Amino acid sequence: MSHSRPLKEISCLFICSTREMRNLLARVIQQVGIGNVQEARDLDLAKQLVRTNNFDLIIWAGSDQDYLDLLRHIRYEARENIRKTPFLCVTSRSDMNFLIEGRDAGITGFLTMPLTLRDTLRKVNAALDDPREFVLTPSYVGPTRRRKTLQEYFGPRRRAEDGPTSQLQTTPTALPAASEPAIAIKAPQGPTDRPPGSQETLINILEDQLLSDWQDDEDEEAVEANGPIKHSANFRRRAQVVREAFRLVTHINEILLDPNGSPESSKSRISEPFNRLLNLMALVQAYGKNNDEDSDFFKEKYKEIMNSMSNISANLLAGGLERTLHQSQKMVNDETSSSLGGAYKTYSKMSEYEALIGLLGGYPSLTTAMLDQVKQIWENVLLLAERGDSLGVLDGTDEKKMRQVASERLVSAQTILRERPAADSQNAVLQKMRQP
Amino acid sequence: MASPEPMLEWTEDLSVGVDSIDEDHQAFFRVEPMLEEILASSDSARSMLIESVLNILEEYVEGHFLREQQALAAIDFPGLAVHIKAHDKFAEKVRAIIKDYRQGNLAVVESLGPLISDWITNHIKTMDRQYLGLLTNENVDKRPLVCLLDDPEDDLEF
């Protein structure tokens with residue numbers, strides 16, 4: 001469908017089974033200017049509606065994967081008029097499997113919570129303007145998952161945009177002069193006749209590429225059928241994804257370690273690259289599961305990226321604990337006028353960090369310095385609670401629970417600090433902490 | 001969260017005679033019931049929903065104020081400076097509350113809905129009424145509020 005019409009003329013089917021989310025999303029959809037919205041509270045009703053109505057856009061919102069059934073129904077079984085309808089998924093989830101399954105079922109795009117009007121408008125326009133070819137194969141129906149035309153692709157040209165004669169082209173017409181692959185990543189042992197390319201070209205591809213470099217099944221089949229040259233092109237493309245993931249890791253760490261960055265600005269600056277990194281990791285993980293000659297290499301790279309992710313989590317935690325200790329200490333010392341509810345504020349903040357600590361392997365995996373900070377913060381929570389600083393925020397039951405949790409955590413931290421062998425150097429613990 | 005006072009709603013007597021501005025005003029009034037509904041829910045995505053409402057509120061403030069100010073500037077409205085000052089003061093207040101919430105004071109969000117409804121009611125009755133008849137459907141930007149915001153940077157679908 002061509003999106004030349006104003007949004008107020010667009011008809012949209014919106015499906016959401018949760019009342020609060022549905023009410024919010026309905027307003028957001030209205031605010032971006034979509035004029036004709038049909039709401040469905042469940043997928044059965046949505047299926048009935050797509051049987052008899054045409055829509056320009058379908059938006060599903062939720063956190064389950066039950067929408068996949070509707071999406072597959074639309075892509076594989078529905079009428080011609082509805083089959084290619086752009087389908088947006090609004091979700092608070094960003095885990096890889098969720099994204100990949102949506103993508104492989106033919107999703108047009110994801111809109112992740114928390115929402116903004118700007119994002120919603122951008123994603124709606126992108127879905128309606130989606131320039132990607134619509135693929136109809138027995139194994140996949142949906143917008144092509146290949147977002148970019150690679151200059152160094154030598155496999156069969158099977159896209160409609162490749163032209164009528166391209167269907168027959170199964171061998172490269174010309175190969176550039178041989179040279180070493182211009183990527184810094186060490187390649188695994190294997191065929192040495194990888195298609196070469198200039199470093200400039202690869203850098204350009206890298207700069208443009210970001211997340212849009214999803215591999216599609218059509219290419220996968222071509223790789224298997226056409227031997228080492230296509231395999232090599234495939235490898236190089238995947239290696240670029242790995243390289244981009246490492247670049248993002250470095251970028252995120254730079255933001256985290258920026259001495260001039262406030263926590264708020266860091267948070268907003270990290271959000272996009274962090275999400276992009278998660279998506280690239282999903283790709284690298286998938287490459288490792290391919291059971292081909294390169295899969296071990298990508299498994300290894302995936303582990304390395306995971307290690308780096310642990311470093312990022314550790315950095316996030318380190319900064320957060322330091323700030324929380326500083327703030328809670330000021331409240332304990334009466335150096336701030338806003339200490340009412342201080343026990344609860346500190347407790348809430350620590351609840352977030354406890355989740356991060358859990359990901360890193362719990363208290364035993366923290367450095368002694370961090371563990372000491374944790375101990376001091378929990379002591380401050382109890383001190384502030386003792387003063388009645390949680391007044392007005394928690395009722396009696398919740399306050400009792402807060403005190404109980406704080407006491408338990410404090411004892412855990414104290415116990416580990418006491419038992420930690422003196423010989424256990426900081427570096428060794430840090431190393432352990434950064435294991436995935 | 002139980003509200004002791006009945007929620008304020010947009011009514012016809014609050015109309016300023018400009019459809020797009022009336023629609024913006026109605027959007028402000030919808031924040032309170034939306035927040036109340038979310039705060040009372042046990043939805044697993046509750047915090048994401050609250051955060052979404054706060055994001056959208058910030059955009060309402062930015063987009064709506066811009067719409068009004070641009071239109072008032074275009075007609076050389078004499079009270080523009082005072083109007084802008086009132087907008088800025090409220091925008092600052094909203095931003096401070098949102099910042100407080102994001103720094104961990106979760107309870108503060110409960111006061112946000114009534115604050116917005118109260119402010120918008122008083123602002124319409126005292127300030128916006130001053131341009132009644134001067135701003136019309138013809139001289140005010142009709143586009144959805146989001147279109148008035150800065151153009152977002154391009155990003156990626158996945």
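Just so it is clear: chains get the letters A, B, ... in the order the sequence lines come, proteins before strands, and each one is counted from 1. Bear in mind the structure is a predicted one, so any value in this text is a computation, not a measurement.
A:Lys349 and B:Arg102 get closest at one heavy-atom pair: NZ-O, 4.4 Å. Between A:Met113 and B:Leu49, the shortest heavy-atom distance links the atoms CE-CD2, 3.4 Å.
Of the two parts of A:Gln30, only the side chain, counted from C-beta on, holds a non-hydrogen atom closer than 4.5 Å to a non-hydrogen atom of chain B. Heavy atoms closer than 4.5 Å to chain B are found nowhere in A:Arg93, neither backbone nor side chain. For A:Leu24, the parts lying under 4.5 angstrom from a heavy atom of chain B are both the backbone and the side chain. Using a 4.5 Å cut-off between heavy atoms, B:Leu106 contacts chain A through its side chain alone, with no backbone atom that close.
Counted within 6.0 Å of CD on B:Glu9, heavy atoms from surrounding residues, nucleotides or ligands total 12 or fewer; the atom is thus considered open. By the neighbour-count criterion of 12 heavy atoms within 6.0 Å, atom CD of B:Gln26 is densely surrounded, having more than that number from other residues, nucleotides or ligands. Atom CD of B:Gln70 is surrounded by more than 12 heavy atoms from other residues, nucleotides or ligands within 6.0 Å. Within a 6.0 Å sphere centred on NZ of B:Lys89, other residues, nucleotides and ligands contribute 12 heavy atoms or fewer.
Between A:Arg27 atom CZ and B:Arg30 atom CZ the span is 4.0 Å, to the nearest 0.5 Å. With values rounded to the nearest 0.5 angstrom, A:Leu115 atom CG is found 5.5 Å from B:Ile56 atom CD1. With rounding to the nearest 0.5 angstrom, the SG atom of B:Cys147 is 7.5 Å from the CG atom of A:Leu7. The OG atom of B:Ser52 sits 13.0 Å away from atom CD of A:Glu20, with the distance rounded to the nearest 0.5 Å. In this structure, B:Asp100 CG and A:Lys345 NZ are separated by 6.0 Å, a value rounded to the nearest 0.5 Å. Between atom CD of residue B:Glu51 and atom OG of residue A:Ser92 there is a gap of 13.0 Å, rounded to the nearest 0.5 Å.
Counting heavy atoms from C-beta outward, B:Val146 and A:Gln31 have side chains that stay 4.5 Å or more apart.
Side-chain atoms of B:Glu59 come within 3.5 Å of backbone N or O of A:Leu117 as a donor-acceptor pair.
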